[in-house]
Amino acid sequence: MLFNGYANDDFFDEMFAEDGSVRNHYSNIMDRFNRLDPPEWSQRQTATDLAFMRGGVTFTVYSDSQGTERIFPFDLVPRVIPANEWKVIESGLIQRITALNMFLHDLYHEQKILQDRVIPPHYVLNAKHYRREFMNVNVPKDIYVHICGTDLIRGRDGTYLVLEDNLRCPSGASYMLENRAAVKRAFPRLYQANTVRRVDTYSADLLKVLNHVAPGNLGNEQPNVVLLTPGVYNSAYFEHSFLARQMGIPIVEGRDLVVRDMRVYMRTTAGLMPVDVIYRRIDDDFLDPSVFRADSLLGVPGLVNAIRAGNVSLANSIGTGVADDKVIYYFVPKIIKYYLDQDPILPNVDTYLASEPQDRMYILENLHKLVVKSANEAGGYGMLMGPWAAKEEIEEFRKQILANPRNFIAQPPISLSRHPTWVGEGFEGRHVDLRPYILYGDKITVTPGGLTRVALRKGSLVVNSSQGGGSKDTWVLQGDA
Amino acid sequence: MPHPIQLNTSIQRGSQVMLSRVANSLYWMSRYIERAENIARLLDVNLQLMLDFGQLDDQQLKEHWLPILRSAGDEETFFNHYTTADSQSVTEFMTFSLENPNSVMSCLLAARENARQIRDQISREMFEALNECHLFLKSKNARELWDGGAHDFYEQIKKYSHLFQGLTSSTFSRDEGYEFIQFGKFVERADKTARILDLKYHILLPSLADVGGAVDTAQWQALLRSVSALEAYRRSHVVDIAPWKVAEFLLFSETFPRSVRYCLEQVDRYLHLLANTAIGEYRSPRERTFGKLLYEMKFRTIEEVIRQGLHEYLEEVRKTLDGIDDFIYETFMYHPPTDMEAEIRLHQQEMQQQQQSQG
């Protein structure tokens, strides 16, 4: 009954086919949810929100002087992905991260891809996150990106497309785990009736990856692994402490660490203790004030020396941000072809580069039709949504693009797929994306699920938590229904 | 030159270690919770006591509330914000004021903030109890409950504290972290009992013969209730509430968990566990001063204390307690702050040397 009046409105809907019939892999959910009435829904939703609040599953809102903590709004209707679809996603992501890793290794060593002119060298050499300082530095096991969160969307025909790769410090895995726990509490029998693949292996898999890349000179000893956080005021602090707790490793701040003789130590009640592996949740710029930003108080002076000397391993490695650049994104299909001689399994969104004269002309003529993005911003900042923007905003972007074309790309707006979402008295379609988490250790693991983000505001395409987005649990089924 | 840093290479890789910062947070989390509970109890009891006094004029109210403010060490801050010390202003200041770092509110927010910084180190249950308390204090509900008769509010605060203690006892491993928590709790509790007893020191005159006449037993009952000791006292002294007996009980009871002696014995126990020394062994000067005080306490009589001056004795106890507290802080929690500029210079030089040797 709650689905009465539900309309696809010419979008790809995750649950309902175009003819209005429910997709096979959602039929259990449909049956169950149809037996609930609005008060029951509201009650479950409230109980879940309270549980998140009580558990402190929150993020900090910067704009607010009090540093208010909010819960990441959570919608109880899970997103379901059948096995056959997941197989494609999984192999596509593995292909992508394999190629990107080879790309990073090449960039910081021979730079063959630049010599072969597959990518014009200036795009890489001028990239904000390219770290010249790390040329010819070898990273353990040649792995650069240990943890990757790649954002996927589905267009009008249901094809999965890659929207962006997050190769620096991707966040959200803790919400994937908390969301699953919440759904299991709210709908235990429904969850059990479906054969959903587990996501809670994530933390153990992550710890394995971190152990795997420990410096080789330790012999068989247990490496000391820590998680480095900017501190309790960081918006993702909840996640940092959550993951540290799940892995049973210390969470440290820069001030807890000190470097002597190119070795990292942490300050403990029993004196200084060596550190072997750092899962860092701080961007490159803030890691080591003796190399990068001297004004940063978050980092550890001497850390880069210790890494270069091979005495400590960092996940993700320094300099991975270059592959996270939205201009480099444009080249990823070529990167896959170049290193693997394969066609990309998951296609990119059509993209125009403002620094290419022809593309730039097209962009400037069509600003009102395009989505423009700055090369290095995240979280929905530095973006122009052409079709919905005011004239002044468009003109402002025109100026910025002309002043610094290297910094911009443009894409046609994608009508992201929609998913039934609880809105108070019934379900309405809301746009969603999907961020699966890929771990690269002695093998590559894609956790079956991920974080589905949902634009809770009607009509909105913006799913970022900082811009009013929420999230859903993501079910990857063992079968196709 | 950067601070000299001693390398302790004896620490085994993979063995359980605790960051100094974590030790510090565990300790303060525990102290703040204990402090909030003590203040809540003190305010609750005194508000109730006022009910028995009927209408008091401004001067009488001031005489009642000033020592309470003073016992928390907050007199000066108070008069920066209020002009008159009466039931409303003092209790409000000591309950809700964020300007007052020792208010119930400030303490519990600080406890929760400490817990948040180390939530990977405490049990989920402990964090959730503190977090619920935090949510309660930030809700409209808290202020409404207080306005409608503060007793229920203070009861709620005490319950959160007890819940936290209980959860600590049943969900937290008995390792170093637990020892910091207990150490902090008993340091705070000893300090608070000493301060509360000190409230009435002027009544206990040097000559025992002068004591007990004009003094209102209601006040001494209130004093006992401020440390949850009324029933315990009654069981050990069936007859009457004599001021010197109350003082004796709160100072020297071997079994009551809030007496100064009991708390100091616990402090002693956790001191030895943390410092990894044998019971009875005291190495540094501050450890020895503490050991001496504790030892003497076992043989001291209340008559001797009153002859010496209760206030003076309590001062000595608190000073020694502060000394042992500093000792623990300096030994385990403190690391000299990094001199960033010196560190940066050091590592930049190191890098240059390396590059030269490679070139």
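Letters A, B, ... mirror the listed sequences (proteins, then strands); counts begin at 1.
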Asker: May I have the step-by-step check of side chain to side chain contact (heavy atoms under 4.5 Å, CB included) for A/N305 and B/E350, ending in yes or no?
Answerer: CA-CA 8 Å; A/N305 265 352; B/E350 202 171 64; 3.4 Å; yes
Asker: Considering residues, nucleotides and ligands other than B/N276, do more than 12 of their heavy atoms fall under 6.0 Å from its CG?
Answerer: no
Asker: Taking every heavy-atom pair that is under 4.5 Å apart, which of B/E341, B/R112, B/H134, B/M333 has the most such pairs with chain A?
Answerer: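 Highest number of heavy-atom pairs under 4.5 Å: B/R112.
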Asker: Check whether B/L19 gets within reach of chain A through its side chain, its backbone, both or neither, counting any heavy atom under 4.5 Å.
Answerer: both
Asker: Would you kindly say whether B/E343 and A/S290 are connected by a side-chain donor-acceptor distance under 3.5 Å?
Answerer: no
Asker: For a 4.5 angstrom cut-off between non-hydrogen side-chain atoms, does B/R21 reach A/D256?
Answerer: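 Yes, close enough: below the 4.5 Å cut-off.
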Asker: Mind checking whether B/R119 and A/V232 have side chains closer than 4.5 Å, heavy atoms only?
Answerer: no
Asker: Taking side chain as everything from C-beta outward and backbone as N, CA, C, O, which of these in A/T58 sits under 4.5 Å from a heavy atom of chain B? Side chain, backbone, both or neither.
Answerer: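 Contact with chain B involves no heavy atom of A/T58 at all.
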Asker: Given side chains that start at C-beta, do those of A/R308 and B/Q354 come closer than 4.5 Å, heavy atoms only?
Answerer: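 No, side chains not in contact.
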Asker: Using a 4.5 Å heavy-atom cutoff, which residues in residues 120-130 of chain B come close to chain A?
Answerer: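 Listed by number: B/D120, B/R124, B/F127, B/E128.
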Asker: Report, one line per pair, each donor and acceptor closer than 3.5 Å where one atom sits in a side chain of residues 241-251 of chain A; sequence neighbours left out.
Answerer:
{"from": "A/S241", "atom 1": "OG", "to": "A/F238", "atom 2": "O", "distance (Å)": "3.2"}
{"from": "A/Q246", "atom 1": "OE1", "to": "A/S203", "atom 2": "OG", "distance (Å)": "2.7"}

Asker: Only pairs of heavy atoms separated by less than 4.5 Å count here; which of A/A294, A/P289, A/G254 has the most with chain B?
Answerer: A/P289
Asker: Below 4.5 Å from any heavy atom of chain A, which atoms of B/I118 appear? Answer side chain, backbone, both or neither.
Answerer: backbone
Asker: Determine the option with the most heavy-atom pairs under 4.5 angstrom with chain B, choosing from A/E253, A/M53, A/M266, A/R255.
Answerer: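 Maximum pair count with chain B is reached by A/E253.
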Asker: Does A/T269 reach the side chain of B/F180, with side-chain heavy atoms less than 4.5 Å apart?
Answerer: yes
Asker: Checking A/V304 against chain B: side chain, backbone, both or neither under 4.5 Å from a heavy atom?
Answerer: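 When you check distances to chain B, no heavy atom of A/V304 falls under 4.5 Å.
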Asker: Does some side-chain heavy atom of A/L303 sit less than 4.5 Å from a side-chain heavy atom of B/H347?
Answerer: no
Asker: Return the option, out of A/G231, A/G55, A/P301, with the maximum number of heavy-atom pairs under 4.5 Å with chain B.
Answerer: A/P301
Asker: Assess whether atom CZ of B/R143 is packed by more than 12 heavy atoms of other residues, nucleotides or ligands within 6.0 Å.
Answerer: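 Counting neighbours around CZ of B/R143, more than 12 heavy atoms of other residues, nucleotides or ligands fall under 6.0 Å, so yes.
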Asker: Which bit of A/V259 is near chain B, if near means a heavy-atom gap under 4.5 Å: side chain, backbone, both or neither?
Answerer: both
Asker: Report which part of B/Y334 has an atom under 4.5 Å of a heavy atom belonging to chain A: side chain, backbone, both, or neither.
Answerer: neither
